[in-house]
Number of protein chains: 4
Amino acid sequence: MQIGLIGLGKMGYNLALNLRDHQHEVVAFDISAETMEAISKEGVATAPSIGELTQQLQGRKVVWVMVPAGAPTDAVLKELAPYLAMGDIVIDGGNSNYKDTVMRATKLKLSGIHLLDCGTSGGLSGARHGACTMVGGDAEAFDHCEAIFRDVSVEKGYLYTGKSGSGHFVKMVHNGVEYGMMQAIAEGFEVLHKSDFDLNYKEVARVWNHGSVVRSWLMELVENAFGKDPDLSKIRGIMHSSGEGKWTVEAALEMEVPTPVIALSLLMRYRSQENDTFSGKVVAALRNEFGGHKVEQAE
Amino acid sequence: MQIGLIGLGKMGYNLALNLRDHQHEVVAFDISAETMEAISKEGVATAPSIGELTQQLQGRKVVWVMVPAGAPTDAVLKELAPYLAMGDIVIDGGNSNYKDTVMRATKLKLSGIHLLDCGTSGGLSGARHGACTMVGGDAEAFDHCEAIFRDVSVEKGYLYTGKSGSGHFVKMVHNGVEYGMMQAIAEGFEVLHKSDFDLNYKEVARVWNHGSVVRSWLMELVENAFGKDPDLSKIRGIMHSSGEGKWTVEAALEMEVPTPVIALSLLMRYRSQENDTFSGKVVAALRNEFGGHKVEQAE
Amino acid sequence: MQIGLIGLGKMGYNLALNLRDHQHEVVAFDISAETMEAISKEGVATAPSIGELTQQLQGRKVVWVMVPAGAPTDAVLKELAPYLAMGDIVIDGGNSNYKDTVMRATKLKLSGIHLLDCGTSGGLSGARHGACTMVGGDAEAFDHCEAIFRDVSVEKGYLYTGKSGSGHFVKMVHNGVEYGMMQAIAEGFEVLHKSDFDLNYKEVARVWNHGSVVRSWLMELVENAFGKDPDLSKIRGIMHSSGEGKWTVEAALEMEVPTPVIALSLLMRYRSQENDTFSGKVVAALRNEFGGHKVEQAE
Amino acid sequence: MQIGLIGLGKMGYNLALNLRDHQHEVVAFDISAETMEAISKEGVATAPSIGELTQQLQGRKVVWVMVPAGAPTDAVLKELAPYLAMGDIVIDGGNSNYKDTVMRATKLKLSGIHLLDCGTSGGLSGARHGACTMVGGDAEAFDHCEAIFRDVSVEKGYLYTGKSGSGHFVKMVHNGVEYGMMQAIAEGFEVLHKSDFDLNYKEVARVWNHGSVVRSWLMELVENAFGKDPDLSKIRGIMHSSGEGKWTVEAALEMEVPTPVIALSLLMRYRSQENDTFSGKVVAALRNEFGGHKVEQAE
């Protein structure tokens, strides 16, 4: 199947190779000439602009957009839409906020263009060798593209989730769950680490991956990580985040769902980005005020 | 290898069959005559008392105790110890608190008896077809019994964790992690459930199990559960707990490890066991006091 | 000073009496004719419409709007603005979201109208006998109205907080703190309640209000509440919320501030509104899947 | 009334002066000769040892023990008990764990000695000028000493809470509530601090102390603290803790009471004592493993 692909970042690049391996005819575009040259050497066709990319697509056009959520996605859709006609299909494979997706789909629909929202999990290796995809949008458009989703995903690894926004929504919640699972695992290892026992964390992760209730891909990655750096002494415990965890908590607040574990996983990430906290200063000052407890002086 | 096995509950019964399948010569005892008869029909030898069980074991005796943590374990050890001699080995395969284990091991050591603490994960199917075992205690005693642990575990699924208590400690922390992972998954499905999207939870769990970052045995069990009852309408959301999650939080408090996710997973279980809360009454009363906000009358 | 007052709900009505007691000349309007008649009997002038209200105000007009946040506030401002001229001042004394306030102030500024955002705390008794007010907006407009804020507030109980939105923002955070304090107090009483000790909660609240570190107005209200209903057996522990707690958490997420206590206070309110939880069902189902633990059947 | 007082730390010293001011005849002992000399100059009698202290007391002896909880309290009680006779009364005014108190009371009772457990709040100024006291133990012993508690407390600031342990228990829960209230306040100020608004924190605390729902002694102390150091730049946000918060959470776990706010207040204190976290390293390593997200290198 012929597919336009806009965006060759870490995820998009791997996706291009994945699509190529499944005999799809990809025409790719990226703002980096260097990346375009690299993918070209891999046997993937490229186009020098979004406009020219669309001209290389025949019949009912399908364009997969794989760029960062928010403004970049808006910018690409704005540039792309005029080149598309009624019935054409845009797949947003990025981590867009599902509310943005609903608005974009409604707008594109006015021109008869379908937007499929495809939440993609599995990381870089997934994009390359078989991802997990959750797809929302018009059922007819999904049916037209189903082969694409089947081919880029691992076996049984794609799902049509329903109306517009549902794909990104399910992916967002997936990431919220991921935050909670990661924090749970991480807390467990900190308890092991601060105990008196002398444990080999890689071996613990290994045994937990064989037959235990917590066996999981994340635990396998923990095993890998400890295999490279036995007590992670080379890295700092600063936890960044990219948005979906926050959106999950925001959605939970909106629907009044108690999600303490997902919320705390997010808040501990924010905490990890602080060296010192204003809240801590307030508590320390208070303890000094009423009990004469010593405060630690700032340097 | 010849092994005495005391306790044929859900876990012990399956373990007996698992040991038998691996050509170990099991002599089992349980307080239930019915269970003894059942295991006997499966080809496992039984003894009518703990004393007679030990008499059927030759040479250096190895006895696996698989009874509930706390008083039952203490009672069995008290009855068993007089029948054992220097060098004999007791394996505590239950979910004992690791601090109890350290005390018991110290006490048995006075008589030259070794206590191996074996944390066992994997549930009933694990006990039957291959568990995950984490074993603490004297290295020499572990070496003597290693074949047992290798045989009852899945491949790569056993680990010698070090000194006495470490096996139960690692298992305890495993369960703490498990609590957090389960709550994270559960919160995610509640967010899905309360959204406007019309989702098939079994299918969501299925796709998350194929290629996504959160793929895990727990997610496979979620898929099974939704397969049987698509929106879990037949069961109530009351979450019981058996102790290890609580012990993990207590250990974390003792070592001053911040474990918000594991702690909240536990507290939400306690919350699920309350119909109404005294704390909620206090807040509702307060809102009424200062803002005239209506309270809901108790029936 | 002459003041138009729109909205005679629980807060507005008490505010009208408070202003009257301080010799301000209030012209009030409310959509309820009954309420208008009641306030009229209290010696407060009324006007039959917003338009006529503004006509009764001389010179530089000051109109205090005291209606629910959101759509009602927008509707009143839309109706009111055409009757105002450059330099006139609108005070929004409701619990508006500070972001809405910033947008409204910007829009009114185009017509030269000043919007002061006045966060008001202290509940009904505060509105009547002396509130706590936090006021944002143009400094000159605040200066013009300062006597009003001084008079309706307790001594030292008003503050000019800076640019537009800051008054509502400081009030919002105040409510976030209030949520946390209330939940902390409430949890404490639940611990007392579930203990073996036989405690008189009113007396505990009383002693905590005399000399202890936690003495506070909220604790005095707790004492009142237990005075009326010694173990709060007449009310259910369902905790509603009106928005500011949620907005505080949303603001915290936006600024990446770790606010676990405020967040959990909110989430426990949501939890209190559920009879059964989907998340609890998922955990119960999982425990059954792997450990054969019994689930409780839904009725 | 004649009272022996053992322990002249920050709290005990102020208590001695407080008792003296109320015409009680104090005989004090402390291990520090310097402190003994100082209190002596204040007109308080001293004794060179616990034994001699008891000899200076006539009739039914009352000894107030004001030393750190745990081993120091045990040591003092062990030394003191042999000098006491049936009917004599020991007051433990420290922050003992209520479970220890129950055991100690039971043991002293064997010799007919009464132990009153007196939880004391109000900080140093409370000990000096009027504290809040919560007293458990035999009612008859309390009656005998009631004048003492009335005199050292602010008006209405003492309570007989019931059987042994209840005084320390109520004080422990008080501190749990205090942790939660402090963290709530502290989080609020961090939200203010990270906002775009330019706020004077002392003034915000001042206005919140006059007429608002959150007015409280703690907020007054916040006002004091910001008065001395407007943005607390001189102190670090490291929050120590002395035990009661932890015990409150442990008691809550034991009684299965959901106390998320108190628990999180404690866990955030532990977090504040970490420079880097092992859990953060695990999450950062995981994000790198699956998504190629950069980790920050440890120095």
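Chain naming here is simple, since letters A, B, ... match the order of the sequence lines and numbering starts at 1 in each. Here the structure is a predicted model, which is why all the values come from computation and not from measurement.
- Counting heavy-atom pairs under 4.5 Å between each of Gly162(B), Gly130(B), Gly211(B) and chain A puts Gly211(B) at the top.
- Heavy-atom pairs under 4.5 Å with chain A peak, among Cys132(B), Gly126(B), Ala186(B), Gly180(B), at Cys132(B).
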Donor-acceptor pairs under 3.5 Å, chain A to chain B, main chain and side chains both?
unit_1	atom_1	unit_2	atom_2	d
Ser121(A)	OG	Val213(B)	N	3.0
Lys156(A)	O	Arg206(B)	NH1	2.6
Tyr158(A)	O	Arg206(B)	NH1	3.0
His174(A)	NE2	Ser212(B)	OG	3.1
Glu187(A)	OE1	Val261(B)	N	3.2
Glu187(A)	OE1	Ile262(B)	N	2.9
Glu187(A)	OE2	Val261(B)	N	2.9
Arg206(A)	NH1	Lys156(B)	O	2.6
Arg206(A)	NH1	Tyr158(B)	O	3.0
Ser212(A)	OG	His174(B)	NE2	3.1
Val213(A)	N	Ser121(B)	OG	3.0
Arg215(A)	O	Trp217(B)	N	3.1
Trp217(A)	N	Arg215(B)	O	3.1
Val261(A)	N	Glu187(B)	OE1	3.2
Val261(A)	N	Glu187(B)	OE2	2.9
Ile262(A)	N	Glu187(B)	OE1	2.9

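- Annotation: maximal heavy-atom pairing with chain A below 4.5 Å, among Met134(B), Met172(B), Met268(B), Met181(B), occurs at Met181(B).
- Ranked by heavy-atom pairs shorter than 4.5 Å toward chain B, the options Val173(A), Leu221(A), Leu267(A) are led by Val173(A).
- With contacts defined as side-chain heavy-atom distances shorter than 4.5 Å, the pair Leu192(B)/Phe169(A) qualifies.
- Contacts between Val154(B) and chain A at a heavy-atom distance below 4.5 Å involve the side chain alone, from C-beta outward.
- Of all heavy-atom pairs between Pro260(A) and Leu264(B), the closest is CB-CD1, 3.8 Å.
- Considering every non-hydrogen atom in both Val213(A) and Gly123(B), the closest pair reads CG2-N, 4.4 Å.
- When each of Ile185(B), Val204(B), Val207(B), Leu199(B) is checked for heavy-atom pairs under 4.5 Å with chain A, Val207(B) comes out on top.
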